[in-house]
Amino acid sequence: MSTSLLYHAFGVRGYEYRSTEYAKGGLTMTVEQPREAWCCSQCGGRHVHSKGGVTREFRSLPIGGKPVRLRMTVPRVLCRTCFADRQVKLGFADPKKPCSCLIGTRSFARYVVELAGMMTLADVARHLQISWDVVKGIVGGDLQRRFAKPKLRSLKRIAIDEIYLGKRHKYLTIVMDLDGGAIVFVGEGKGEQSLEPFWRRLRHSHAKIAAVAADLSPAYSAAIRQNLPKAQLVFDRFHLVKLLNEHLTELRRELHREATDQLQKQVLKGTRWLLLKRSADLDPKRDERRRLKEALQLNESLATAYYLKEDLAQIWQQAGKVSGRIVLDHWIAAAESSGIRQLMKFARTLQTHREGILNWYDHPISTGPLEGTNNKIKLLQRQAYGYRDLHFFKLKLLALHNAQHALVG
Ligand SMILES: [Zn+2]
């Protein structure tokens, strides 16, 4: 072992190597800061008096899989320039951490963060023979520094949606940068209040938001209109499709309930998924097209609703806003005159959200990308800490886009 190895392999510079001890299943290297290198940690002055010191151990990078500790006496000095009385500054670690917890060198912390990108926190803890809490503390500190306060200034188009986390934490409200793909805000709960801190930070950032994609919830639309009066609100098309599918399922159930004919009951029973599938996705091997046709022939209301559902997508398939508006109005009129309660209700929803739906032609955005990350979020959530520590979980969400291996840990 040598002083230059200390620097090149362990990132410890300006210290002299003294000795190595093999104990506790690893090795402990004693290093020393040369007297002439001591300086005041407050003013940087070199005119200092020795006032003793405390011996500390720092975890460093392992050698051959064995834990390595650096032991040194951190000198305490009295500065003749500014009269501060304190420990000298260390180049390789932050000694201010409480003594009860493990102190790692900076290169050790970097190593922990790097490993945490490839394996779970529990794996890292086992591999380095340190506690899970220490690993989480180091990784959490790194996430906090890099992701806790994302820059909002250049945001242009965003999507807002909520995710359901389960009984304990209920909902989180997520804001995504649709141009960059990163999650830029995670609010607790859902609805208007959960977004309050986001609006505050957005105002400070002076970002100029052009468009927001959101679902039809009145709480979001009101908050968006109030906080971003100049932005265009784009109602998410996938939420609309989902809503219509729900109405369709309800209609099928009602028809099934009311059917007196046994055959008709039988046919309706097995068609739920066929009705919701896009006709292009019907499976010829399972005779789905024929079964669907049979059901539709038996029931006129179901047929009307089904074909209107199939036509809904055309609202977003026009060359521009003008023809989009014509198709939308046409659809609304057809649904209203169908006499089918569920369709008429849905038509009213479309009518109320007409402008927001057509805004899609100015900004073809949706909450789709946000929902695309839902699987990743679910995966993250399955890691136990998602439930134990909401703050850490939120940081992981903010880091999701950036970290290539964010899904473990
Ligand atoms: Zn000083």
Side-chain angles (χ1 to χ4, degrees), residues 1-21 23-24 26-63 67-116 128 130-131 133-151 153 201 204-205 391-392 395:
M1 191 58 63
S2 70
T3 296
S4 77
L5 189 67
L6 265 184
Y7 170 47
H8 290 291
F10 295 95
V12 177
R13 185 183 204 164
Y15 294 79
E16 277 166 13
Y17 168 78
R18 287 287 174 263
S19 62
T20 303
E21 212 178 280
K24 295 191 241 173
L27 46 114
T28 303
M29 297 190 287
T30 302
V31 301
E32 217 175 84
Q33 194 175 31
R35 177 71 178 80
E36 62 274 17
W38 294 3
C39 65
C40 167
S41 60
Q42 178 155 292
C43 73
R46 291 194 179 276
H47 293 285
V48 293
H49 251 328
S50 173
K51 293 205 64 184
V54 272
T55 302
R56 285 271 165 84
E57 278 185 5
F58 303 87
R59 275 298 292 270
S60 189
L61 300 172
I63 296 179
V68 171
R69 294 174 186 83
L70 292 181
R71 181 184 296 150
M72 78 171 281
T73 299
V74 184
R76 188 180 184 90
V77 296
L78 175 67
C79 176
R80 286 182 186 167
T81 313
C82 73
F83 301 105
D85 176 358
R86 54 182 67 181
Q87 285 183 1
V88 298
K89 209 180 207 146
L90 297 177
F92 61 86
D94 180 8
K96 277 180 203 147
K97 302 246 173 72
C99 308
S100 58
C101 113
L102 172 142
I103 309 174
T105 62
R106 292 206 178 94
S107 55
F108 183 74
R110 272 197 300 275
Y111 187 52
V112 168
V113 168
E114 204 180 301
L115 288 179
L128 296 175
I130 54 181
S131 83
D133 292 293
V134 168
V135 177
K136 202 191 105 183
I138 292 172
V139 173
D142 175 68
L143 290 173
Q144 178 77 25
R145 250 188 322 279
R146 295 195 295 152
F147 300 107
K149 293 266 152 71
K151 293 208 171 24
R153 197 187 165 81
R201 285 183 31 220
H204 283 299
S205 75
H391 181 68
F392 191 76
L395 287 173

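Read the numbers this way: they start at 1 and go in the same order the structure lists the ligands and their atoms.
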If you measure from CE on Met72 to CD on Glu16, what distance do you get to the nearest 0.5 Å?
11.0 Å
Ile103 side chain reached by Glu57 side chain, heavy atoms, under 4.5 Å:
no
Would you call Val12 and Tyr17 a side-chain contact if the rule is heavy atoms closer than 4.5 Å?
no
Assess whether atom CZ of Arg153 is packed by more than 12 heavy atoms of other residues, nucleotides or ligands within 6.0 Å.
no
Side chain of Ser107, backbone of Phe10: donor and acceptor closer than 3.5 Å?
yes
If you leave out waters, which protein N, O or S atoms are less than 2.8 Å from the Zn ion (ligand 1)?
Cys40 SG, Cys43 SG, Cys79 SG, Cys82 SG
Ser50 and Arg35: which non-hydrogen atoms are nearest, and at how many Å?
N-NH2, 4.4 Å
